[in-house]
Amino acid sequence: MVCGYSARGDMDSAKRLFEIAVAKGAENSVVCTAMISGYAKTGNADDARAVFDGMRVRDAATWNVMIGVYSGAGRAAEAVDLFKIMLETRARPKVEPNHTTISIIAAACAQCGLPTQASWIQDYVDRHMMLLNSHTVAALIDMHSKCGNIERALDLFCSWRQRDLICYSSMISALGMHGRGKDAIAVFNELCDNGFDPDEICFVSVLNACSHTGLIDEGRRYFKTMKDDYNIIPTVEHYLCVVDLLGRAGCIDEAYQMITHEMPKDIEPHAGIWGALLSACRTYSNVEIGEVAASHLFKLEPNNVGNYVLLSNIYANAKKWDGVQKVRALLRRQGMKKPPGWSQVDAEGSLREFITGELDSVLEAVLEILNWELKDHGYKPIIEDE
DNA sequence: GTAGGGTTAG
């Protein structure tokens with residue numbers, strides 16, 4: 001009964017029964033895990049943790065769900081911390097991470113993008129080879145790629161021989177993200193040669209790879225192949241990729257035509273599509289279509305400052321200063337301000353954040369990393385310990 | 001009771 005309520009997200013009912021079970025000493029790890037997982041669905045990480053903390057015996061599934069709660073709530077650092085506690089815990093019988101644990105923790109690590117942590121997880125898996133299966137391999141490929149380490153993703157992909165469609169897709173999007181469209185296409189071809197049928201997500205990955213590498217003819221061809229040879233009906237996501245592909249290549253009119261004339265009427269062009277077009281208009285200084293795209297975006301997501309900034313940049317580039325002023329006035333009237341973009345450096349596992357112009361803090365982080373490397377290799381450090 | 005891949009921009 002608790003599982004049933006939990007699965008539906010009815011935590012009030014689940015809790016009522018759960019408390020009776022606890023009072024009678026009848027709760028077990030399955031019921032507790034169901035409770036944790038139910039709180040996760042309602043986005044209540046702290047209530048989930050309270051159940052977790054109250055348990056006397058936790059098995060792997062319990063740990064997995066709890067780690068997954070943090071990961072799913074965007075609290076990736078806490079997910080990784082809890083994974084470490086899972087490894088260190090002295091509970092008997094000892095709980096060992098299983099395939100599910102690795103999949104969850106790899107996804108959490110992909111989310112926070114820390115190469116040091118990614119490397120540490122990979123090292124753990126390398127020492128426990130039985131933790132490899134197609135789920136964990138796909139998740140680990142994704143993790144390395146999102147942490148900036150495409151080579152390690154490739155190593156894993158190449159050494160894993162029992163690839164399924166998702167492993168291939170994961171590798172294709174990894175290569176795409178790293179601007180290696182030709183390699184992504186090679187993996188796509190290998191997938192087909194090995195008798196797999198690419199699905200709609202796989203096509204999104206390969207279209208995206210083409211778009212980010214400027215492989216416009218290949219992208220067009222894959223879009224056609226998808227429809228004609230694989231009978232996949234394009235969704236709004238595929239149109240987004242194609243509009244982006246055309247836009248990045250400078251074919252703004254064609255991209256606009258795609259939205260207004262080629263997309264089926266039952267597919268609503270959402271903010272993503274107009275956003276891709278607007279961005280292309282900024283790159284290629286297209287005021288006319290930029291204004292059209294922006295007008296749609298202002299209706300669809302009036303609070304997204306980025307769209308106003310893009311339009312303003314288009315005007316500025318064309319020296320249309322009255323346009324710039326109009327957009328700025330619009331922002332001011334609504335009290336909107338563009339938050340500065342920021343980035344992070346992984347300084348041996350700890351994050352350094354910086355915004356544009358804060359060159360000093362970037363350099364400081366880089367120097368510190370250099371210093372560690374020097375010390376690691378037995379050289380004299382450039383910064384002396386305090 | 002728990003797990004993997006995709007989707008605009010600066």
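Quick caveat, the model's predicted, so the values are computed rather than measured. Proteins come first, then strands; the chains are lettered A, B, ... in the order of their sequence lines, and each starts at number 1.
Between B/dT8, B/dT2, B/dG5, one nucleotide has an atom nearer to the side chain of A/Leu165 than all others, and that is B/dG5. Comparing B/dG10, B/dG5, B/dA3 by their nearest atom to the side chain of A/Arg282 picks out B/dG10. Among B/dA3, B/dG1, B/dG5, the nucleotide with an atom closest to any side-chain atom of A/Asn133 is B/dA3. Comparing B/dT2, B/dG1, B/dG6 by their closest approach to the side chain of A/Met177 singles out B/dG6. Candidate nucleotides B/dG4, B/dG1, B/dG10 were compared by shortest atom distance to the side chain of A/Val30, and B/dG1 ranks first. The side chain of A/Thr62 sits closest to B/dG1 out of B/dG4, B/dT8, B/dG1. Among B/dT8, B/dA9, B/dG1, the nucleotide with an atom closest to any side-chain atom of A/Asn208 is B/dT8. Each of B/dA9, B/dT2, B/dG4 was ranked by its minimum atom distance to the side chain of A/Asn307; first place goes to B/dA9. Considering only side-chain atoms of A/Asn64, the nucleotide from B/dT2, B/dG6, B/dT8 that sits closest is B/dT2. Taking the side chain of A/Arg248 as heavy atoms from C-beta on, and the options B/dG1, B/dG6, B/dA9, the nearest nucleotide is B/dA9.
Taking atom CZ of A/Phe188 as the reference point, atom P of B/dG6 lies 16 Å away to the nearest angstrom. As a whole-Å value, the separation of A/His238 NE2 from B/dT8 P is 13 Å. Atoms NE2 (A/His144) and P (B/dG4) sit 17 Å apart, rounded to a whole Å. Computed from coordinates, the A/Leu131 CG to B/dT2 C1' distance equals 15 Å when rounded to whole Å. Rounded to whole Å, the distance from OH on A/Tyr315 to C1' on B/dG10 is 18 Å. Separating the NZ atom of A/Lys41 from the C1' atom of B/dT2 is a distance of 10 Å, rounded to the nearest angstrom. Rounded to whole angstrom, the span from the NZ atom of A/Lys338 across to the P atom of B/dG10 amounts to 11 Å. To the nearest angstrom, P of B/dG1 lies 19 Å from CD1 of A/Ile67.
With a 6.0 Å radius and a threshold of 12 heavy atoms from other residues, nucleotides or ligands, A/Gln325 has its CD atom at or below the threshold. Counting heavy-atom neighbours within 6.0 Å of A/Lys227 NZ, excluding the residue itself, gives a total above 12.
With hydrogens and angles left out, the side chain of A/Ser169 and the base of B/dG4 share no donor-acceptor pair within 3.5 Å. Residue-to-nucleotide contacts include a donor-acceptor pair under 3.5 Å from the side chain of A/Asp199 to the base of B/dG5. Judged by distance alone, with hydrogens and angles left aside, A/Asn98 brings no side-chain donor or acceptor close enough to the base of B/dA3 to form a pair under 3.5 Å.
Evaluated for a side chain to side chain donor-acceptor pair (under 3.5 Å) with A/Gln122, the options A/Arg152, A/Arg127, A/His144 yield exactly one hit, A/His144.
Heavy atoms of A/Asn28 sit nowhere under 4.0 angstrom from any nucleic acid atom. No contact: A/Gly68 has no heavy atom under 4.0 Å from any strand. Across all strands, A/Ile201 comes closer than 4.0 Å to base atoms (heavy-atom distances). Heavy atoms of A/Val65 sit under 4.0 angstrom from primed sugar atoms or phosphate atoms, though from no base atom. If you check every strand for non-hydrogen atoms under 4.0 Å, A/Asn313 touches nothing. If you check every strand for non-hydrogen atoms under 4.0 Å, A/Cys32 touches nothing.
Contact annotation: A/Lys146 side-chain N/O to B/dG6 OP1/OP2 distance is under 4.0 Å.
Minimum interatomic distance between A/Phe52 and A/Arg58 (heavy atoms only, all atoms of both residues): O-NE, 2.9 Å. Of all the heavy atoms in A/Gln117 and A/Cys112, the pair that sits closest is OE1-SG, 3.9 Å.
Aromatic ring pairs are classed by plane angle as parallel below 30°, tilted from 30° to 60° and perpendicular above 60°; the pair A/Tyr308 and A/Phe298 is parallel.
Heavy-atom distances under 4.0 Å link DNA chain B to A/Ser103, A/Ile104 of residues 101-113 of chain A, given in residue order.
With sequence neighbours excluded, no residue forms a side chain to side chain contact (heavy atoms under 4.5 Å, CB included) with A/Ser295. Taking A/Phe83 as the reference, A/Trp120 meet the ring-ring contact (aromatic ring centres under 6.0 Å, His included) condition, with sequence neighbours excluded.
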